[in-house]
Amino acid sequence: MTVEPNVNLNEPNADISEILISADEIEKRIQTLGVQISSDYAELQPLVVGVLKGVLFFMADLLRAITINVEVDFMAVSSYSPEARDQGLVRLVKDLETPISGRHVIFVEDVVDTGLTLNYLLRNLTTRDPASLEVCTLFNKPKHRLIDIPIKYKGFDLPDQFVVGYGLDHRERYRNLPFIGVLNPQAL
Ligand code: PRP
């Protein structure tokens, strides 16, 4: 593994050409989503389900912005291959530990792009007979959407650019940036 010099990830650097959404903007938007969810689900004790790994930071911040009782669980998926992914085939590598029959489920994603992953997982969860199932995504990339899926809670629309940060990666790097930045094409 190549060891590269440290960069200050809190400042724009050669790999990031522009900050699109600041950490402050992200925090404020998540607070608003937390208030909405707390109001909509008061008394319902929803199960908040996140899809690893990109959702890590959003889940942590969203859960702390929610002021009602919730339960938390995670799923993880992996692609068989890029071609399989293009066809909407994903492999479940970690399933829920919680039965969801009769539960109010909020399904949380960091980003919805084509919608294929979300479509696969929602179809899977629907067969388990939840009382309700709604989607909350922090980022939405509508440009490449192949399947139209209702998204009840949405943070930001993103343009058709390669962006990283706040959980979004390029080859597993940049997830820990606290903002959303445009990746310099030279870093691709
Ligand atoms: C991202 C994201 C969604 C999916 C969205 O996961 O978390 O699960 O891509 O893309 P789609 O709408 O085109 O299906 P990714 O596979 O990058 O894994 P990660 O969360 O581990 O980064």
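One-based numbering, in listed order, for ligands and for the atoms of each.
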- request: Taking only heavy atoms of V111 into account, list the atoms of ligand 1 that are under 4.0 Å away from them.
  value: 2 (C), 3 (C), 5 (C)
query: Going through the checks in order, is the side-chain hydrogen bond (donor to acceptor under 3.5 Å, both in side chains) test met by D15 and N184?
result: CA-CA 5 Å; D15 290 355; N184 193 325; over 6 Å; no
query: Any chance CD of Q186 has more than 12 other-residue heavy atoms, nucleotides or ligands included, within less than 6.0 Å?
result: no
- request: Would you kindly specify which portion of D110 sits under 4.0 Å from ligand 1, judged on non-hydrogen atoms: side chain, backbone, both or neither?
  value: side chain
Sub-4.0 Å heavy-atom contact, V90 with ligand 1: no
query: So do the side chains of I68 and P46 get within less than 4.5 Å of each other, counting heavy atoms only?
result: yes
query: Is the closest N or O pair between G54 and ligand 1 shorter than 3.5 Å?
result: yes
message: For R175, state whether at least one heavy atom is located under 4.0 Å from any atom of ligand 1.
response: yes
query: Below 4.0 Å from any atom of ligand 1, is there a heavy atom belonging to D169?
result: yes
- request: Would you mind reporting whether I37 and V70 have side-chain heavy atoms less than 4.5 Å apart?
  value: no
- prompt: Would you say V112 and I149 make side-chain contact, with heavy atoms under 4.5 Å?
  reply: no
message: Check this for me - ligand 1, G115, N or O atoms closer than 3.5 angstrom, yes or no?
response: yes
- prompt: With a 4.5 Å heavy-atom cut-off, do L118 and V51 have their side chains touching?
  reply: no
